[in-house]
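The structure appears right after this line, and notes come after that.
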Amino acid sequence: MKRVMLTVAYDGTNYHGWQIQQNGETIEGILNRCLSELLGERIEVIGASRTDSGVHAMGNVAVFDTMSQIPADKISYALNRSLPEDIRIQKSEEVPAEFHPRQCASRKTYEYRIYCASFPMPIKRLYTHFTYVPMNIDLMSQAASYLVGEHDFKSFCSADAQVETTVRQIDSVQVWTESGIERDGKRDSKKDIHAAECLDRGGQEIVIRVSGRGFLYNMVRIIAGTLMEVGRGHIPPQDMEHILMARDRRAAGPTAPACGLTLVSIEYL
């Protein structure tokens, strides 16, 4: 018996999230089915992050136990042949039998992408949240700084979540733009480019990158929704401190749509 770890990338558009559901196809369900067929034994993976419906991943992690003689590093090649094209294993490797992807200390990094332009861009519709309202990146960055460190994030947690504690450690929150604006013949994507200018030049992507030791249900999407309210001028940056202290979901902004969120990586510490 050996334990194999998979690094899994997927486009979550057509799936009801990671965890097996009764009402639709999920990433976990497909992995279980394809691995069981490949290895000739019942396989049930354990995932590191149970991403929601419509959320994407570049580096989610899952483990499973197997009696198969196939080398762990070769399983990725064989498994990718049977997976749908919107799910791909990036790496497979053997890990110690006691390794558990949710119980071992880790740092997760998420990105939330917003496409800000006069009109939607069809090829971005599945991977960004569209808005035509200009946003001030500097204000968003100022507000984001209040979230770094260990805080009680109850205001940034879905009200129906059942957890022992809402205290979490956030290592960094960064906000920048990827506009592709040409200045003096050179491509410029500096953070100080504001959306108003980009709207005149064909749009921009605003990226919110959050890294931390653990996240509550919908936490990153609520952070993104709140930062967007700051960027629009509806919430002053310094109010983030009061939102944290309120420990009340109603104090924060809306939950941003799932399509803009991607789990970028999981780093085990």
Side-chain angles (χ1 to χ4, degrees), residues 1-39 41-66 68 70 72-73 75-80 82-112 127 157-158 160-164 168-169 210-221 258-269:
M1 181 74 71
K2 64 188 175 204
R3 176 156 288 196
V4 178
M5 182 173 79
L6 304 175
T7 301
V8 191
Y10 48 87
D11 177 340
T13 303
N14 296 320
Y15 299 99
H16 291 248
W18 172 275
Q19 194 172 11
I20 290 178
Q21 306 288 335
Q22 297 297 322
N23 61 340
E25 194 73 274
T26 66
I27 307 298
E28 182 181 36
I30 288 180
L31 289 176
N32 287 348
R33 184 168 65 248
C34 292
L35 279 166
S36 297
E37 293 173 356
L38 172 67
L39 303 177
E41 56 185 311
R42 181 180 176 85
I43 299 294
E44 294 184 355
V45 301
I46 303 171
S49 181
R50 297 168 178 172
T51 53
D52 293 337
S53 177
V55 173
H56 316 295
M58 297 171 64
N60 204 346
V61 169
V63 300
F64 64 92
D65 297 320
T66 179
S68 174
I70 300 176
D73 63 333
I75 289 177
S76 56
Y77 296 93
L79 182 57
N80 279 334
S82 60
L83 288 172
E85 62 182 3
D86 51 6
I87 304 175
R88 280 294 179 270
I89 308 304
Q90 303 299 298
K91 185 179 182 181
S92 58
E93 57 189 309
E94 187 169 354
V95 293
E98 64 273 15
F99 176 81
H100 192 291
R102 291 198 299 273
Q103 295 175 359
C104 294
S106 66
R107 179 184 293 108
K108 297 178 182 177
T109 297
Y110 288 89
E111 284 186 357
Y112 195 89
Y127 311 108
C157 176
S158 181
D160 57 353
Q162 297 181 353
V163 292
E164 293 182 3
R168 294 292 187 271
Q169 169 75 33
V210 185
S211 294
R213 310 300 174 89
F215 293 90
L216 300 163
Y217 183 53
N218 279 342
M219 181 172 160
V220 179
R221 289 168 60 190
C259 62
L261 184 61
T262 298
L263 171 58
V264 175
S265 65
I266 301 176
E267 173 191 1
Y268 286 95
L269 306 174

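All figures in this text were calculated on a predicted structure; none of them were measured in a lab.
In this structure the side chain of D73 never reaches within 4.5 angstrom of the side chain of E93, judged on heavy atoms. The side-chain heavy atoms of R107 and R213, taken from C-beta on, include a pair separated by under 4.5 Å. Between P84 and I30 the shortest side-chain heavy-atom distance falls below 4.5 Å. Residues E28 and R50 fail the side-chain proximity criterion, which asks for heavy atoms closer than 4.5 Å. D52 has its side chain out of reach of L261: every pair of non-hydrogen atoms, C-beta onward, lies at least 4.5 Å apart. When side chains are defined from C-beta on, M219 does not count as touching V210, because their heavy atoms never get closer than 4.5 Å.
Once rounded to the nearest 0.5 Å, the distance linking CZ of R88 with OG of S76 reads 11.5 Å. Residue I27 holds its CD1 atom at 11.5 Å from OG of S49, rounded to the nearest 0.5 Å. Once rounded to the nearest 0.5 Å, the distance linking SG of C157 with CG of N218 reads 8.0 Å. L38 CG to I43 CD1: the interatomic distance, rounded to the nearest 0.5 Å, is 9.0 Å. Between F99 atom CZ and M5 atom CE the span is 5.5 Å, to the nearest 0.5 Å. A distance of 10.0 Å separates CG in L83 from CZ in R33, rounded to the nearest 0.5 Å.
Counted by atom type alone, E41 and T66 present one or more donor-acceptor pairs between their side chains at under 3.5 Å.
Between P96 and R3 the shortest heavy-atom distance is O-CD, 3.8 Å. Nearest heavy atom pair, residue G47 against residue W18, reads CA-CZ2, 3.6 Å. Pairing each heavy atom of A48 with each of K108, the nearest pair is O-NZ, 3.2 Å. Closest approach of K2 to S68, counting heavy atoms only: NZ-O, 3.0 Å.
Between F215 and Y110, the angle of the ring planes goes over 60°, which puts this pair in the perpendicular group of the 30/60° scheme. Using the six-membered ring where Trp is involved, Y127 and H56 have ring planes that are tilted, between 30° and 60° apart.
Counting non-hydrogen atoms of neighbouring residues, nucleotides and ligands closer than 6.0 angstrom, the NZ atom of K91 reaches no more than 12 such neighbours. Within 6.0 Å of atom OH in Y77, 12 or fewer heavy atoms from other residues, nucleotides or ligands are found, so the atom counts as exposed in its surroundings.
Under a 3.5 Å cut-off, the side chain of T26 and the backbone N or O of G29 do form a donor-acceptor pair. Using a distance-only test at 3.5 Å, with no hydrogens or angles considered, no donor-acceptor pair links the side chain of T109 to the main chain of S211.
When the options V95, V63, V45 are evaluated for a side chain to side chain contact (heavy atoms under 4.5 Å, CB included) with P101, the one that passes is V63. Checked options I46, L35, N32, L31; the residue passing with F64 is L35 (criterion: side chain to side chain contact (heavy atoms under 4.5 Å, CB included)). Screening I89, N60, T262, D86 for a side chain to side chain contact (heavy atoms under 4.5 Å, CB included) with Y10, the sole residue that qualifies is N60.
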> Which is it for L263 and V55 under the side chain to side chain contact (heavy atoms under 4.5 Å, CB included) test, yes or no, and what are the steps along the way?
Replying inline: CA-CA 8 Å; L263 171 58; V55 173; 5.6 Å; no

